[in-house]
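To start, the structure itself, in C-alpha cells.
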Protein chains: 2
Amino acid sequence: MPSPTAKPNAKLKILDAALSVIRAKGYSATTVDELCATAGVTKGAFFHHFKSKDELGVAAAEHWSETTGAKFAAAPYHDHADPLDRLLAYVAFRKALLQGGVPEFTCLIGTLVQETYETVPTIREACDRSISGHAETLEADIEAAMRGRGLSSEWTAKSLALHIQAVLQGAFILAKAKGGAEIAADSIDHLTRYLEQLFRPAKS
Amino acid sequence: MPSPTAKPNAKLKILDAALSVIRAKGYSATTVDELCATAGVTKGAFFHHFKSKDELGVAAAEHWSETTGAKFAAAPYHDHADPLDRLLAYVAFRKALLQGGVPEFTCLIGTLVQETYETVPTIREACDRSISGHAETLEADIEAAMRGRGLSSEWTAKSLALHIQAVLQGAFILAKAKGGAEIAADSIDHLTRYLEQLFRPAKS
DNA sequence: TGCTGGATACCGACTGGTTGGTATGGTGTC
DNA sequence: GACACCATACCAACCAGTCGGTATCCAGCA
C-alpha cells in the first residue's frame, strides 16, 4: 500500500531467501543471520524492513501467497471448458509440480504453521489466510461441477477444496519422511481417483 | 537390552515430556532446559540418558511409535470380521481421536519430520520407520479387501495405506492452521467416502 | 556382618558460542 | 536537510553441551 516507488531490493531478497531457507530448515532453525547471508544483505537492512523475526514470518507467508497465487492464476489448467476438467487439471498440475529436490516443491505454509500454530498467532493466521484463500479459488469450479451433475451431497464445495489441500500437505510430509516425491505422486493419484468417482459415480 | 532392573524414571519422564512439548512448540523451538523443567529432572539427567538433543529426537520418535503402536493394537477396530469393515473402523477410530486441544491429537512424527528432514538424517529415518511401520499394519486388511472384491487395480495396498496416512497428516496441518479439529474431521469423512467408493463401486 | 570398589543414576554450576535485537552512523535522493 | 535505506559494532539473554561431584545399589570377599 505505501506506493512501490523505489526498488526495495533488500526486502524482496530477504523474502525470497526466507522462502527457500525456511522450507529447508524450518522456521525456528532459520536464523536471521543466515537469512541475511543468503539474501546478501546485512542485519541492519533486515531490521529496517521487519520489526522482528516473527513479523518476517508473517510477511513471508504473505509473499508466498502472492507469488504462488500468481503462478496458479497463470497456469494452463484454467483453459478447460468444463469445471470438473479444470479441477482435475488443477490436481494434475500440482502433481506435475513435484520436480527437483524436496525443499523445492514443498509448501512454505505447511512448514510454517506446524511450528508456530501455538506460539505465534499472527503467523498462524497468515497461514490460515493463505491456505483458505488458495482453496477458495477451487470452490467455484467444484460448485459448478456439483450443479452440472445434479449432486446434492453431504459434503460442501468448501470442505472438498480444503480436503484437496490436506492431501497435498500430507503428501509433502510423506515425501519429506521418505526423501522423495514418489509417494506424494501416488497420493495425488488417489486423490484424482476420488474426484473422478465423486463426480462420475456410476460405471456405465 | 541392558536389563530393566532399576526404574529409569528420569528417562521415561523426559521422553513423555518430549512428546507433549515438541508437539506444541516444534522440535527446534523446544529447548533442553524446558524439557527438563517439564519432566522435573535436571540437565545432568538429560545428558546422562541422551548424548545429544538430536539423539533424544530419535528416541522420542521411537517412543511415540511404541506408545501409539500399543494404543492402536489394543483398539476395538480389529474386532470386525470383514477386512474392509476393519479398515473403515480404523479411519473412524482416527476421527474419534480428534478430541481435546490441537497439540493433544496431532502427530509428533509429522511435526518432527517437517523440521528435520533435511538437517538431521537420523530423525528423518526414525520418522520414516514410524509412519511406514504404522501404515504396514493396514496393508493386510487392504489386500484382503481387494481380493475379497476381486479388485485388480492400478494402485497397491501399500500406496493406499500411505495415502491414508497422508490424509491424516494433512488434516492435522489444516487443524493447526484453523485452530480446531472440525476441518480435520471433514477431511477424514472425505477419506471414508473414497474408501467406500473404492471397495463398493456400483451403486445398486 | 561389615567392608570395599565399581557401575549406574542423577545433580547443578559453568562455558563458549549463538541468537534476536539495538544503537549509531553513513549515503543517496527528493 | 529530512527521510528512507542500509551498514557495522555491539549486547544481554539464551543455548546445547561439559564436568566434577554425590547417592545408591550390588558383587565379592573376609
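Just so we're on the same page: letters track the sequence lines, and every chain starts at 1. Keep in mind it's a predicted model, so treat the numbers as computed, not measured.
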Between [atom2] of [N] and [atom1] of [X], the distance in whole Å:
X      : N       : atom1 : atom2 : answer
F50(A) : dG21(C) : CZ    : P     : 13 Å
Y27(B) : dA16(D) : OH    : C1'   : 10 Å
E34(B) : dA13(D) : CD    : P     : 19 Å
N9(A)  : dA7(D)  : CG    : C1'   : 16 Å
K51(A) : dT22(C) : NZ    : P     : 11 Å
F47(B) : dC15(D) : CZ    : P     : 12 Å
E55(B) : dG17(D) : CD    : C1'   : 13 Å
K13(B) : dC10(C) : NZ    : C1'   : 11 Å

Where do N or O atoms of nucleotides 24-30 of chain C meet protein N or O atoms at under 3.5 Å, pair by pair?
none

Write out a two-atom table: protein N or O, nucleotide N or O from nucleotides 21-26 of chain D, distance below 3.5 Å.
none

Q: Would you indicate, yes or no, if dA4(D) has its OP1 or OP2 atom less than 4.0 angstrom from a side-chain nitrogen or oxygen of H49(A)?
A: no

**Q.** Any H48(A) side-chain N or O less than 4.0 Å from OP1/OP2 of dC5(D)
**A.** yes

With distance as the sole criterion, is a donor-acceptor pair present between the side chains of [X] and [Y] under 3.5 Å?
X      : Y      : value
D54(B) : Y27(B) : yes
S28(A) : S28(B) : no
K13(A) : T38(A) : no
T31(A) : K53(A) : no

Q. With a 4.0 Å cut-off, would you call R124(B) and E118(B) a salt bridge?
A.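 No salt bridge links R124(B) with E118(B).
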
Q) Under a 4.0 Å N-O cut-off, is there an ion pair linking K158(A) with D186(B)? A)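 No salt bridge links K158(A) with D186(B).
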
Side chain of [X], backbone of [Y]: donor and acceptor closer than 3.5 Å?
X       : Y       : answer
S65(B)  : A61(B)  : yes
R23(B)  : E104(B) : yes
Q114(A) : G110(A) : no

Q: Establish, for the pair K11(A) and F46(A), whether the NZ or CZ atom is under 6.0 angstrom from the six-membered ring centre and no further than 45 degrees off its axis.
A: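 K11(A) over F46(A) ring: no.
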
Q: Starting from the C-alpha separation in whole Å, work towards a yes-or-no answer on side-chain contact (heavy atoms from CB on, under 4.5 Å) for R86(B) and D82(B).
A: CA-CA 6 Å; R86(B) 282 198 293 273; D82(B) 184 72; over 6 Å; no

Q: Give, ordered by number, those residues of residues 112-123 of chain A having at least one heavy-atom distance below 4.0 Å to an atom of DNA chain D; if nothing qualifies, reply none.
A: none

**Q.** Option among H80(A), H134(A), H78(A) that satisfies the ring pair (Phe, Tyr, Trp, His ring centres under 6.0 Å) test with Y90(A)
**A.** H134(A)

Q: Apply side chain to side chain contact (heavy atoms under 4.5 Å, CB included) to S20(A) and list each qualifying residue two or more places apart in sequence or on a separate chain.
A: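 With sequence neighbours excluded, S20(A) shows a side chain to side chain contact (heavy atoms under 4.5 Å, CB included) to no residue whatsoever.
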
(Q) Can you identify which nucleotide, out of dT8(C), dA7(D), dG21(C), has its nearest atom closest to the V41(A) side chain? (A) dA7(D)

Atom pairs, protein N/O to nucleotides 12-19 of chain C N/O, distance under 3.5 Å:
from, atom 1, to, atom 2, distance (Å)
dG12(C), N7, G44(B), N, 3.4
dG12(C), O6, G44(B), N, 3.4

Q. Taking only residues two or more places apart in sequence, or in another chain, which ones meet E34(A) in a salt bridge (Lys or Arg N to Asp or Glu O under 4.0 Å)?
A. K25(A)

